[in-house]
Amino acid sequence: VDLSVPPKARAFREEVRGWLDANLTDEVRDAARGRDLDEDGRFEVLRRWNATLVDAGYGAVSWPVEHGGRGASPVEEMVFNEAMAAAGAPGPVNAIGVSNIGPAILAVGTPEQQARHLRPMLRGDEIWCQGMSEPDAGSDLASLRTRAVLDGDHFVVTGQKTWTSEGHRADWCQLYVRTDPDAPKHKGISALLVDMRTPGIEARQITTMAGDAGFSEVHFDDVRVPASSLLGELHGGWRVATTTLGFERAGVVRLHAMVRAKLDRLRRDLEALDPTGSSLRADPRVRDRLARRHIEIEGLRLLALRAVSGAQRGGVPGPEGSLAKLRWSLADQALTTTAVDLLGLGSLHDGWARDVCASRSLSIAGGTTEINKTILAERVLGLPREPA
Ligand SMILES: Cc1cc2nc3c(=O)[nH]c(=O)nc-3n(C[C@H](O)[C@H](O)[C@H](O)COP(=O)(O)OP(=O)(O)OC[C@H]3O[C@@H](n4cnc5c(N)ncnc54)[C@H](O)[C@@H]3O)c2cc1C
């Protein structure tokens, strides 16, 4: 008996499983694993799959119905994500848009901004990127220097962002700019919704050690952005940033299902390598490592359940999202390293090489391990604050 899932959510899970059985193809599964296709081909397969999902009512299930979601409860959202991961189905093609920027537009955007942006974002018709980090502003985001000066009914933007995921592909950017250079650094920032086709924007791709070119540095040279694209209040961008990052870290809690799907994949690959279970899988050292990975993932699932039950009771995500982020990055890194160790060189052609390289970035993206440890020490454990 699955005690943690109420009957309505269990029925929803069966519905989603049935739909996935009928609609998820091997082409989409392979694209999710980065097999065979070149990057652009893979992206287009994922974009088509995303539109199929959204048209069937399985986009961002927790979003309000009027913006393309289905108003699902946190538990229903959790069973949906688990069913998707277990089937090997990729999530939103517009991951940053749907998990971070969309919820921020829902929280602080105007009705016009919500009506204009949310549906095309959800369907993957318009791809979004997030322009926060700069060459000299990463962990210390508030020291960002990209400037926007109000000139009539436009902002004029000049500066540079970096590590912008999907920057070269994006149609829109949630961009953080300094609008008041004289104010204290957290109080002079604004957030803008910027059309990436505006003259003066150039995205230069960066290739990662995982072999993909998913990042860009984005340059802004006297870019004229309508004043109506301000998201939230003028000089109120810090609040938008913390809201957006709060959604990002809270969203990590959903990712336990993806790591579990990777562990299941490792088990299947080990079975294929050692079908009788007499050598590799009988080795106590191998069993010990698999058990440790299982326990780490089970810990992540319990963190997810705690977050879901908090959300069911109307709580807002708090600093404990940093714990999920930290444990998730460590679990994924340990799992991919275990996979490559146990499967040997044979594993390297089959997505694991990409996974093991990509997993290194998890302790940097969305707030580094050190920053998350500081948040946990100060705001969860109540330890003395780090000297400024
Ligand atoms: C996969 C990936 C995707 C990303 N996508 C985006 C994106 O779409 N948009 C975007 O804007 N950015 C993105 N980033 C950038 C990311 O947010 C930054 O890399 C991150 O915030 C760290 O900033 P930094 O790289 O400038 O490192 P720095 O902040 O310079 O840190 C360097 C090192 O110093 C440590 N450090 C810094 N400050 C402290 C402190 N106070 N106490 C202890 N240690 C400290 C850090 O932990 C780190 O180890 C992405 C990064 C990755 C890896």
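Counting starts at 1 for both ligands and their atoms, following the listed order. Values reported hereafter were calculated over all heavy atoms of this structure, with side chains retained and with hydrogens, waters and symmetry mates removed. Everything numeric here is computed off the predicted structure, so don't read it as measured data.
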Identify, with sequence neighbours excluded, every residue that meets side chain to side chain contact (heavy atoms under 4.5 Å, CB included) alongside S73.
->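 Partners of S73 by the side chain to side chain contact (heavy atoms under 4.5 Å, CB included) criterion, ordered by chain and then number, come out as V75, E76, Q312.
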Decide whether a cation-pi geometry holds between R169 and F43; the criteria are a distance under 6.0 Å from NZ or CZ to the six-membered ring centre and an angle within 45° of the ring axis.
->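 Yes, R169 lies over the aromatic ring of F43.
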Review item, side-chain donor-acceptor pairs of residues 193-203, under 3.5 Å, at least two apart:
{"residue": "D195", "atom": "OD1", "partner": "R197", "partner atom": "N", "Å": "2.9"}
{"residue": "R197", "atom": "NH2", "partner": "D171", "partner atom": "OD1", "Å": "2.4"}
{"residue": "T198", "atom": "OG1", "partner": "D195", "partner atom": "O", "Å": "2.4"}
{"residue": "E202", "atom": "OE1", "partner": "R204", "partner atom": "NH2", "Å": "3.2"}
{"residue": "E202", "atom": "OE2", "partner": "R204", "partner atom": "NE", "Å": "3.2"}

Please determine, by modelled atom types, if E134 and T146 share a side-chain donor-acceptor pair under 3.5 angstrom.
->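 The answer is yes; a qualifying pair exists.
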With R123, which residues qualify under side chain to side chain donor-acceptor pair (under 3.5 Å), at least two apart?
->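 Testing R123 for side chain to side chain donor-acceptor pair (under 3.5 Å), a comparison that skips the adjacent residues, returns D55, D125.
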Dump all N/O pairs between ligand 1 and the protein below 3.5 Å as a table: atom names plus distance, one pair per row.
{"residue": "ligand 1", "atom": "5 (N)", "partner": "W163", "partner atom": "O", "Å": "3.1"}
{"residue": "ligand 1", "atom": "5 (N)", "partner": "S165", "partner atom": "OG", "Å": "2.8"}
{"residue": "ligand 1", "atom": "8 (O)", "partner": "S165", "partner atom": "N", "Å": "3.0"}
{"residue": "ligand 1", "atom": "8 (O)", "partner": "S165", "partner atom": "OG", "Å": "3.3"}
{"residue": "ligand 1", "atom": "9 (N)", "partner": "Q130", "partner atom": "O", "Å": "2.7"}
{"residue": "ligand 1", "atom": "11 (O)", "partner": "Q130", "partner atom": "O", "Å": "3.3"}
{"residue": "ligand 1", "atom": "11 (O)", "partner": "M132", "partner atom": "N", "Å": "2.9"}
{"residue": "ligand 1", "atom": "11 (O)", "partner": "S133", "partner atom": "N", "Å": "2.6"}
{"residue": "ligand 1", "atom": "11 (O)", "partner": "S133", "partner atom": "OG", "Å": "3.2"}
{"residue": "ligand 1", "atom": "12 (N)", "partner": "S133", "partner atom": "OG", "Å": "2.8"}
{"residue": "ligand 1", "atom": "17 (O)", "partner": "S133", "partner atom": "OG", "Å": "3.4"}
{"residue": "ligand 1", "atom": "23 (O)", "partner": "S139", "partner atom": "N", "Å": "3.4"}
{"residue": "ligand 1", "atom": "29 (O)", "partner": "S139", "partner atom": "N", "Å": "2.9"}
{"residue": "ligand 1", "atom": "29 (O)", "partner": "S139", "partner atom": "OG", "Å": "2.6"}
{"residue": "ligand 1", "atom": "47 (O)", "partner": "T368", "partner atom": "OG1", "Å": "2.7"}
{"residue": "ligand 1", "atom": "47 (O)", "partner": "E370", "partner atom": "OE1", "Å": "2.5"}
{"residue": "ligand 1", "atom": "49 (O)", "partner": "E370", "partner atom": "OE1", "Å": "3.4"}

Output the distance between atom CG (D212) and atom OG (S165), rounded to the nearest 0.5 Å.
->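 Result: 9.5 Å between the selected atoms.
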